[in-house]
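Read the structure below first, then the notes.
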Amino acid sequence: MIPDGIILLDKKKGITSMASDNFIKRIAGTRKVGHSGTLDPFATGLLPVFTGKALKVMRYTDGYDKAYDCTAVFGVRTSTMDPEGEVTAETVLTGSEEEFAAVRNAFERLSHITSQVPPAYSAKKIDGKKAYDLARKGVEIDMPAHPVKIHSLTVNSMRFEDGRIYADISIDCSKGTYIRSICDDAGEMTGFHAHALSLRRTKAGPFDIKDAYTEEMISELSSKNDYSFVIPRETCLQQMPRVELTSSQFEDVKLGKKISSEGFGEAGEGERVAAFHRGALTAVIYKEGGIMRIERMLYT
């Protein structure tokens, strides 16, 4: 059995994120496995998978910003905004400078959006049911918009081929941003129609694709009892302030007691703090008035 922790998996194309979890379950020899930030089956790239005790800190990855590389194809719109849907509209393009300029202008405008309506074919839940399950049944869905932030959107290159324009883009964005929707919106803005042909996640919070492992790499390493691909659970808390508890504070926290906020002056009101004792992760605590309350007990 592999140690509890976080595995940065380079998800392969054509499988669900849940299937990736199942692969790790077989390797890890445990059912206690979950992932942060679902990737669509057609997408590849960084999928942080948590095992065992690391599942207790997975909630702290929910707000991670993410980065993607994507190829959008202009000239074809699909029902799912990706290659897996049915073609719903087509346009034959000429590859003119005006068309290329229109594509660049559309992405420039989309880099400033502050809200977005999730695709009907998404894992977003509506009244407890996943949107894509409802969409497949033909149920019309009224998807509310939610706030998003595009930190950067770069058009790296474009090419014309067989009546289509292919645009390679990189996007750094907030959680909950749907890259498929950005491609579809660009298609509507230009009037050319578009969808996301390929999508690869390259970053999620402090995690980077360059540190990820493929299934083949993980299988090979684990067969040799080499678990160097597992990283400590506290890695996902590195964006929080870190404090070292005294022995007295540790004993109180271990018993679930509140402790004085004296000595935690740098922590803002309500701010989460990762508390350690002798280098071991103990709890996530937060400041409330003159005390530090326990939000998540992690000592075992």
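What's counted below: heavy atoms across the whole structure, side chains too, no hydrogens, waters or symmetry copies.
Looking at Y213 and L221, their side chains come closer than 4.5 Å, going by heavy atoms from C-beta outward. Proximity of R201 to L39: side-chain heavy atoms (C-beta onward) are separated by under 4.5 Å at one or more points. Residues Y68 and L199 have side chains in contact (heavy-atom distance under 4.5 Å, counting atoms from C-beta outward). Inter-residue side-chain proximity for V284 and L298 is flagged as met; some heavy-atom pair is nearer than 4.5 Å. With contacts defined as side-chain heavy-atom distances shorter than 4.5 Å, the pair Y166/L197 qualifies. At least one side-chain heavy atom of P241 sits under 4.5 Å from a side-chain heavy atom of E271. D208 has its side chain out of reach of L8: every pair of non-hydrogen atoms, C-beta onward, lies at least 4.5 Å apart. Using a 4.5 Å cut-off on side-chain heavy atoms (C-beta onward), F100 and I165 make contact.
Between H277 and F250, the two ring planes are parallel [angle under 30°; tilted spans 30° to 60°].
By the criterion of side-chain heavy atoms lying less than 4.5 angstrom apart, applied directly or through intervening Ile, Leu, Val, Met, Phe, Trp or Tyr residues, M297 is not grouped with F276; the two fall into different hydrophobic clusters. One hydrophobic cluster holds both M217 and I2 under the rule that ILVMFWY side chains link at heavy-atom gaps under 4.5 Å. Tracing side-chain contacts under 4.5 Å through hydrophobic residues (I, L, V, M, F, W, Y), one reaches F160 starting from M158; they form part of the same cluster.
Sorted by first and then second residue, the pairs that involve residues 247-256 and meet salt bridge (charged side-chain N to carboxylate O under 4.0 Å, His left out), not counting sequence neighbours, are E251-K254.
With hydrogens and angles disregarded, a donor-acceptor distance shorter than 3.5 Å links the side chain of H146 to the backbone of G176. The backbone N or O of C173 lies less than 3.5 Å from no partner atom in the side chain of T177, so there is not a single donor-acceptor pair. Looking at E99, its side chain does come within 3.5 Å of a backbone N or O of S96 through a donor-acceptor pair. Proximity of a side-chain donor or acceptor of S261 to a complementary backbone N or O of G290 within less than 3.5 Å is detected. Side-chain N or O atoms of S115 include none that pairs as donor or acceptor with a backbone N or O of P147 at under 3.5 Å. Side-chain N or O atoms of D40 include none that pairs as donor or acceptor with a backbone N or O of F42 at under 3.5 Å. The closest donor-acceptor contact from the side chain of S260 to the backbone of E262 lies under 3.5 Å. Counting only distance, with no hydrogens or angles, the side chain of T80 and the backbone of G85 share a donor-acceptor pair below 3.5 Å. Remark: side-chain polar atoms of T235 are not paired, donor with acceptor, to backbone N or O of I231 under 3.5 angstrom.
Between R77 and E86 no salt bridge is recorded (no basic side-chain N to carboxylate O distance below 4.0 Å). No salt bridge links R233 with D4; every basic N to acidic carboxylate O contact stays at or beyond 4.0 Å. The pair E269-K287 does not meet the salt-bridge criterion, since no charged nitrogen lies less than 4.0 angstrom from a carboxylate oxygen.
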Output a table of donor-acceptor pairs, distance under 3.5 Å, between side-chain atoms of residues 44-66 and any protein atom two or more places apart or on a different chain; print 'none' if there are none.
from : atom 1 : to   : atom 2 : distance (Å)
T44  : OG1    : R200 : NH1    : 3.1
T51  : OG1    : G5   : N      : 3.1
T51  : OG1    : G5   : O      : 3.3
K53  : NZ     : T300 : OG1    : 3.2
Y60  : OH     : E295 : OE1    : 2.6
T61  : OG1    : S36  : OG     : 2.6
T61  : OG1    : M58  : O      : 2.7
Y64  : OH     : C236 : O      : 2.7
D65  : OD2    : H151 : NE2    : 3.0
K66  : NZ     : Y64  : O      : 3.4

Can you give the donor-acceptor pairs under 3.5 Å from side chains of residues 103-111 to other protein atoms, not counting sequence neighbours?
from : atom 1 : to   : atom 2 : distance (Å)
E108 : OE2    : H112 : NE2    : 2.9
S111 : OG     : E108 : O      : 2.6

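Results of the side-chain contact (heavy atoms from CB on, under 4.5 Å) test with K258 over I294, I291, I285 single out I291 as the only residue that passes.
We find the OG-NZ distance between S20 and K11 to be 5.5 Å, quoted to the nearest 0.5 Å. Here CZ of F23 is found 4.0 Å from CD1 of I27. Values are rounded to the nearest 0.5 Å. Note: R31 CZ to D21 CG = 11.5 Å, rounded to the nearest 0.5 Å. Summarising the geometry, atom CE belonging to M292 is positioned 9.0 Å from atom CG belonging to L245; distances are rounded to the nearest 0.5 Å. For the atom pair CD1 (I179) and CG (L153), the distance works out to 8.0 Å, reported to the nearest 0.5 Å. A distance of 11.0 Å separates OG1 in T214 from CZ in F229, rounded to the nearest 0.5 Å.
Donor-acceptor pairing under 3.5 Å is recorded for the side chains of D226 and S228. Looking at D69 and S170, their side chains do bring a donor and an acceptor atom within 3.5 Å of each other. With hydrogens and angles left out, the side-chain atoms of H195 and D82 include no donor and acceptor closer than 3.5 Å.
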task = Let me see the working for H193 and V76 under side chain to side chain contact (heavy atoms under 4.5 Å, CB included), right down to the final yes or no.
result = CA-CA 5 Å; H193 308 301; V76 182; 5.9 Å; no
